[in-house]
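Written below as structure tokens is the structure these notes are about.
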Amino acid sequence: MIGKLKGTIEEIGEDHVLVDVHGVCYVAYCSARTLSKLGSVGEACILFIETYVREDQIRLFGFMTALEREWFNIVQTVQGVGAKVALALLSTLTPAELANAIALQDRAAVSRAPGVGPKVAMRIVTELKNKAPAFAGDAANIQLKQELGEGVASAPVADAVSALTNLGYSRDQAANAIAAAIKAAGEGADSAKLIRLGLKELSR
């Protein structure tokens, strides 16, 4: 079982990289995001590896971080999501963005990935909602996002997030800003104050 490769980039393809490790070259399939961060041919690289062994083949999948590798495995626990779709998700969203989208139940963000239709996106945000908190940020931020995603956030908080999204910010940006505003103003702040503080946070 190969868990990590440390070597020199021999070749970068459309969906893979060839890594030379002391004269032995390994093909690792990667997300577009990982490939874009690798560097150039001849440069050193380190990849976290997930090894798939099938009856007719052995395939390596490479990741810049252990967290990206972990999400690659997590999303494949959802029916209809295989390695190809998992790589497409990680090409479109960072692990943090994916976790936030799940916490917010943001199917539209998840379905931006090629090959992820509305039904699969729905399964991803529904089935993985209990796993997102470990990856999406601090505890208070996670709780707020889950409350928003489940429609149980307080009216001032929901109104403040809605107001920021109406101004053109993404739900994730709005939720992060209002989470920071709540920390500054306290749980009992009205929507106007939360919006004002949220906008201040977004302008930094």
Side-chain angles (χ1 to χ4, degrees), residues 1-21 25-52 57-78 80-118 120-125 127-129 131-138 141-142 145 149 169-176 202:
M1 185 69 68
I2 298 172
K4 195 174 186 180
L5 289 179
K6 184 176 182 180
T8 304
I9 300 171
E10 182 78 12
E11 172 188 299
I12 297 178
E14 191 173 306
D15 61 351
H16 69 277
V17 61
L18 193 63
V19 182
D20 183 339
V21 182
C25 291
Y26 296 86
V27 176
Y29 293 88
C30 306
S31 69
R33 190 179 301 277
T34 291
L35 289 173
S36 70
K37 293 180 179 179
L38 278 177
S40 305
V41 171
E43 292 184 358
C45 76
I46 297 174
L47 284 175
F48 292 88
I49 298 295
E50 186 67 26
T51 306
Y52 277 25
Q57 67 174 336
I58 297 175
R59 179 166 288 202
L60 306 182
F61 295 92
F63 308 93
M64 291 296 291
T65 66
L67 180 58
E68 187 182 18
R69 179 177 63 185
E70 189 161 359
W71 269 108
F72 175 75
N73 288 317
I74 288 171
V75 296
Q76 288 185 78
T77 64
V78 177
V81 178
K84 184 177 180 180
V85 171
L87 285 181
L89 279 166
L90 292 169
S91 293
T92 306
L93 301 168
T94 66
E97 288 169 344
L98 179 56
N100 287 331
I102 292 168
L104 284 165
Q105 298 290 282
D106 189 351
R107 299 189 301 276
V110 175
S111 63
R112 293 207 316 266
V116 180
V120 173
M122 171 68 85
R123 285 200 295 269
I124 289 171
V125 301
E127 294 181 25
L128 300 182
K129 68 178 182 179
K131 297 182 180 179
F135 305 98
D138 65 68
N141 202 347
I142 291 303
K145 290 180 180 182
Y169 296 101
S170 70
R171 287 190 75 203
D172 189 28
Q173 289 175 316
N176 285 335
L202 287 164

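- A donor-acceptor pair under 3.5 Å is absent between the side-chain atoms of Arg123 and the main chain of Val81, judged by distance alone.
- The shortest distance between side-chain heavy atoms of Ile12 and Ser40 does not fall below 4.5 Å.
- Closest approach of Ala86 to Phe72, counting heavy atoms only: CB-CD1, 3.6 Å.
- Evaluation of the side-chain hydrogen bond (donor to acceptor under 3.5 Å, both in side chains) rule for Glu11 yields His16 as partners, not counting sequence neighbours.
- In terms of modelled atom types and a separation under 3.5 Å, the side chain of Arg171 and the main chain of Asp106 share no donor-acceptor contact.
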Pair Leu89-Ile124, side chain to side chain contact (heavy atoms under 4.5 Å, CB included): steps then yes or no: CA-CA 11 Å; Leu89 279 166; Ile124 289 171; 3.9 Å; yes
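- Atom CG of Asn176 sits about 8.0 Å away from atom CG of Leu104, to the nearest 0.5 Å.
- With sequence neighbours left out, the side chain to side chain contact (heavy atoms under 4.5 Å, CB included) criterion links Glu68 to Ser31, Thr34, Phe63, Met64, Thr65, Leu90, Pro95.
- Residues that satisfy the side-chain hydrogen bond (donor to acceptor under 3.5 Å, both in side chains) test with Asn73, not counting sequence neighbours, are Glu50.
- Contacts of Gln76 classified as side-chain hydrogen bond (donor to acceptor under 3.5 Å, both in side chains), with partners at least two apart in sequence or in another chain: Tyr52.
- Checked by atom type and distance alone, the side chain of Glu43 never pairs as donor or acceptor with a backbone atom of Ile9 at under 3.5 Å.
- With a 4.5 Å cut-off on side-chain heavy atoms, Val75 and Val85 do not count as touching.
- Partners of Leu93 by side chain to side chain contact (heavy atoms under 4.5 Å, CB included), not counting sequence neighbours, listed by chain and number: Glu97, Leu98, Arg112.
- Shown here are the side chain to side chain contact (heavy atoms under 4.5 Å, CB included) partners of Val21, two or more places apart in sequence or in another chain: Leu5, Val19, Tyr26.
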